[in-house]
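Comments concern the structure below.
Counting starts at 1 for both ligands and their atoms, following the listed order. As the structure is a computational prediction, the values presented were derived from the model and not from experiment.
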Amino acid sequence: MPTMSGSLDEAVEAIAHEIGLDQQEFAARMTFLELDERDHALLRELHGLIDKEIDTLSDSFYDHMLSFPALRALMRDSRTVQRLKRAQMAYFRSLTAGEYGENYIRERLRVGLVHQRIGLEPKWYIGAYRKYLAELIELVWEKMHAEPQRFRAACDSILKIVCLDIGLALDTYAHADQRSVVQYQNYLEQVIGGMPAGLIVVDDSGHVRSMNATMLAMLGIPDEAVDARPLLEALIPAPELAERMAAALATGMPQDGVVVAIDGHADGVRYFEFNIRRTRQAGGAILLLIGHDITFRRQARLRLQESEEFFRLTFSQAAVGIALLSRDGRFVRVNRKLTRILGFTEIELLQRFVHQITYPDDLLEDRALIHRLIDGEIRDFQRETRYVAKGGNPVWVNVSASVMREAASGQLRLITAVEDISRRKQAEEALQRMASHDALTGLPNRALLQDRLGQAIAQAQRAQRQVGVMFIDLDRFKHVNDSLGHEAGDQMIVEIARRLASALRESDTVARQGGDEFVVVLPDLACPEDAALVAQKLLAQLFQPLVLCGAELFPTGSLGIAMYPRDGQDCNTLLKAADAAMYRSKANGGNHAEFYTADMGADTEEHLHIEASLQRALQREEFVLYYQPQVDVDSGRVVGLEALLRWQREGKELVLPADFIALAEETGLILPIGEWVLATAMRQLAAFHRSGMTHLRMSVNVSARQFQHNDVAAQVERLLEETGCAPGALTIEITETLLMERPGAAAEMMTRLSRMGVQLAIDDFCTGYSSLANLKRFPIRGLKIDRSFVADIATDNDDAAIVAAVIALARSMKLEVIAVGVETGEQQRFLRARGCRRMQGYRFGKPAPAADIEALLRSRHVDIPA
Ligand SMILES: Nc1nc2c(ncn2[C@@H]2O[C@H](COP(=O)(O)O[C@H]3[C@@H](O)[C@H](n4cnc5c(=O)[nH]c(N)nc54)O[C@@H]3COP(=O)(O)O)[C@@H](O)[C@H]2O)c(=O)[nH]1
């Protein structure tokens with residue numbers, strides 16, 4: 001609603017000016033009312049008579065006024081009534097005061113203005129004048145009834161002044177009212193012109209009466225476009241709008257939300273929404289159309305719908321689980337994928353908190369991250385963690401989480417994407433297992449063993465305890481492998497692994513080192529005796545019957561024990577110590593346990609040193625061949641030579657085979673070394689033959705390992721070709737053990753050699769207890785009687801009997817026989833007496849370099865002592 005600006009005085013001044021109420025006008029009004037100085041004097045006289053009664057007059061006047069509810073409503077409280085009464089009394093007094101100058105006029109205008117402002121309509125205050133006049137005249141009558149002429153004159157004066165007052169008040173009232181209407185119209189125009197909504201006023205024939213600036217702008221038409229009162233249809237050709245306008249006109253019902261599309265705008269189709277109201281005016285009904293351009297709102301709503309649909313589809317069909325959580329972790333919304341990952345229904349999940357489905361071990365870390373997220377320390381996080389599915393199984397998931405504020409509720413929400421990574425984790429675990437476990441037995445491998453041993457040491461260090469490390473090597477496993485085949489060997493390893501594992505505690509570790517070697521770690525021991533007890537238990541567990549390929553075996557093992565901290569402070573030292581102790585056990589016959597002692601350490605170091613030196617020796621050509629003569633004692637002729645390997649280390653004494661052959665076999669270096677021996681011996685034999693000693697034979701030792709891993713037959717074939725050596729002059733000496741361990745492979749190789757014309761002899765005959773049946777299977781040309789028997793034939797009846805039997809056996813099988821290690825005449829005679837003519841020993845010549853041997857050979861025969 002408009003309010004009058006400026007003060008009451010200013011408004012009074014303005015009204016006086018606008019209605020032209022100056023001195024002249026006032027004087028004219030008084031003249032017309034015949035109000036002159038005589039009236040002034042009479043009223044002044046009257047004023048003196050009634051002044052004291054004015055208060056009573058005022059009271060009864062107000063009693064009358066307050067008996068009308070409409071007037072009572074204007075005088076809200078007693079204070080207002082009192083204030084008005086005082087004003088009224090002042091007015092009554094001024095009316096008869098006889099001073100009717102500028103102040104009097106202003107005061108009258110003020111009264112009229114105030115009445116207009118408070119809404120006291122003229123009917124009330126004219127009525128009030130009537131009441132007031134009636135009482136005043138009665139009062140005057142009381143004072144002047146004795147003088148009727150004077151009374152009549154006084155009444156006339158009172159009427160004049162009251163009429164002057166009424167005229168002034170009515171003029172002011174009417175003018176102020178008119179001013180309000182104008183002001184209100186201005187106000188409305190400003191409101192309508194400035195309102196953000198468009199407004200169209202349409203008459204009942206559909207012509208536009210007016211349109212506000214906003215609507216003109218919305219439609220993109222100039223002001224003049226509506227001057228001629230066009231049909232609205234021409235400006236907005238929309239049947240829907242016309243229809244709804246007709247309905248509003250006919251029924252008077254508001255028509256809201258009428259959406260109209262208007263084409264032809266530079267920026268494409270625009271959409272308007274109208275609310276239609278019918279109102280009445282002089283001359284008939286009119287329609288008010290209040291319109292809004294909803295193009296952007298509509299587009300925004302469509303986009304919102306689109307994005308909501310997009311989100312809904314993405315959420316429900318996502319390939320990952322998605323969940324909205326409240327800040328305390330309650331599931332607020334979940335998608336289908338998440339229910340599938342966890343096996344819970346949507347309802348079940350919405351009744352749970354995320355911590356209720358988190359794997360207990362992961363809970364602490366998950367919670368900490370969620371708190372940091374909620375506290376704003378981090379914006380998001382990603383973590384691999386475990387949830388617990390409905391059945392209780394843990395499920396590995398990759399969780400990506402961030403926070404958002406929900407638009408509708410303003411609540412903080414956690415939004416999480418949950419990817420099921422169980423299969424990847426399983427694959428990783430399988431890979432990890434493969435990397436840390438032995439494929440055949442499933443036992444921890446070397447890498448994991450190192451890890452477990454490291455942990456056991458650290459734990460024992462903290463708790464002042466001891467750790468037992470055991471190295472176990474199966475006895476004669478190679479024999480099983482070679483004789484029963486690799487499959488049987490694998491079965492045996494698996495069974496041994498099972499036996500060892502079943503004999504140990506959960507906290508112990510048994511690992512496979514490779515081949516037939518196992519390592520056991522016993523953490524948290526009080527003393528070495530505890531380890532000894534476990535060792536006995538393990539050996540007993542091994543020594544249980546095992547049936548492989550129909551054969552019953554009783555596996556045994558060589559077991560070495562090292563103790564932390566006594567024998568070493570770190571993994572490697574302890575493993576080496578246990579290994580050395582195992583070797584000692586093996587050297588002492590196996591099937592028992594040995595604790596590590598300091599002297600074993602020295603052996604081990606020496607072994608390592610020799611191993612490295614052997615490798616260098618090959619490169620530096622430090623190996624040489626010595627040759628020992630083999631003589632026919634009857635003729636005294638050197639019939640053959642045995643090539644014997646020597647290691648000439650720079651600046652050191654000659655090293656004999658006993659000190660390095662076993663190690664060379666263990667490390668595999670025997671393969672290149674053996675090949676070198678064969679080539680050198682054959683080359684030397686060819687040289688001797690070329691120099692005329694064509695009767696000479698050459699024996700070369702070939703170890704079992706060479707037979708297993710090198711194709712000796714192929715090597716010999718090639719070397720025969722290369723060196724020009726006569727195959728019939730070459731004898732390959734193999735050990736009896738080789739025949740026993742790999743009879744099949746040995747037979748095949750020997751047959752090939754034999755077909756080339758190469759002869760074969762069994763070295764160390766009788767040391768391996770090979771069966772006669774075996775001998776018959778192989779293309780053997782000769783036997784060598786080991787020097788260990790020869791040494792004691794004079795003193796040991798058993799040895800003498802064995803040697804005699806071997807010679808007899810050889811003769812009966814038509815095999816050549818040669819005795820080695822003949823040093824004395826007694827031995828020579830004994831052997832000769834039993835029928836052995838060929839001998840080798842210091843009695844006839846020690847092994848010597850080729851050059852020295854050549855001199856001996858040139859002498860054509862050896863001096864055979866009697
Ligand atoms: N695979 C290979 N093994 C080889 C090779 N060279 C030798 N060997 C093996 O080493 C064993 C020991 O050889 P060596 O120390 O050379 O001893 C030989 C003779 O020196 C020794 N002998 C001969 N007569 C006597 C004697 O009267 N007294 C005595 N104390 N020792 C004597 O015997 C060894 C020869 O024996 P054998 O081989 O059985 O004929 C040797 O036995 C081979 O196994 C090689 O190149 N490759």
Look at atom 41 (C) of ligand 1 and say whether a protein heavy atom is found at less than 4.0 angstrom from it.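 No, no protein heavy atom sits under 4.0 Å from atom 41 (C) of ligand 1.
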Distance flag for atom 30 (N) of ligand 1, protein heavy atom under 4.0 Å: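 Under 4.0 Å from atom 30 (N) of ligand 1, at least one protein heavy atom found.
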How far is [atom] from the closest protein heavy atom, and which atom is that?
atom: atom 32 (C) of ligand 1; answer: Y842 CE2, 3.5 Å
atom: atom 36 (O) of ligand 1; answer: V820 CG1, 3.9 Å
atom: atom 11 (C) of ligand 1; answer: P657 CB, 4.4 Å
atom: atom 3 (N) of ligand 1; answer: N701 CB, 3.5 Å
atom: atom 24 (N) of ligand 1; answer: Q628 NE2, 3.1 Å
atom: atom 20 (O) of ligand 1; answer: P847 CG, 3.4 Å
atom: atom 38 (O) of ligand 1; answer: E642 OE2, 2.8 Å
atom: atom 33 (O) of ligand 1; answer: R787 NE, 3.0 Å

Is it true that a side-chain atom of [X] and a backbone atom of [Y] form a donor plus acceptor pair closer than 3.5 Å?
X: K576; Y: C571; result: no
X: R499; Y: L542; result: yes
X: Q648; Y: K652; result: yes
X: N445; Y: L448; result: yes
X: H695; Y: V638; result: yes
X: R620; Y: R649; result: no

Is any side-chain N of the basic residue among [X] and [Y] closer than 4.0 Å to the acidic one's carboxylate O?
X: R718; Y: E675; value: yes
X: D632; Y: R637; value: no
X: R832; Y: D634; value: yes

If you look at every heavy atom in A747 and F778, which pair is closest and at what distance?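 It is CB-CE2, 3.6 Å.
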In terms of atom number and element, which parts of ligand 1 are under 4.0 angstrom from non-hydrogen atoms of [X]?
X: K784; value: 37 (P), 40 (O)
X: G821; value: 24 (N), 25 (C), 26 (C), 27 (O)
X: S703; value: 1 (N)
X: V677; value: 46 (O)

Aromatic plane relationship, F660 with W647 - under 30° parallel, 30 to 60° tilted, over 60° perpendicular: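 The arrangement is perpendicular - the two ring planes meet at more than 60°.
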Structural part of V700 in contact with ligand 1, heavy atom criterion under 4.0 angstrom: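 None of V700 does.
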Which bit of L645 is near ligand 1, meaning a heavy atom under 4.0 Å away: side chain, backbone, both or neither?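 The answer is both, backbone and side chain.
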Tell me whether G674 reaches ligand 1 (any heavy atom closer than 4.0 angstrom to a ligand atom).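 False for this residue.
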Going by heavy atoms, is R646 under 4.0 Å from ligand 1?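 Flag set, R646 near ligand 1.
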Under 3.5 Å, is there a donor-acceptor pair between the D475 and S558 side chains?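 D475 vs S558: donor-acceptor pair found between side chains.
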Heavy-atom proximity to atom 28 (N) of ligand 1, best of Q706, E823, E665: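 Of the listed residues, E823 has the closest heavy atom.
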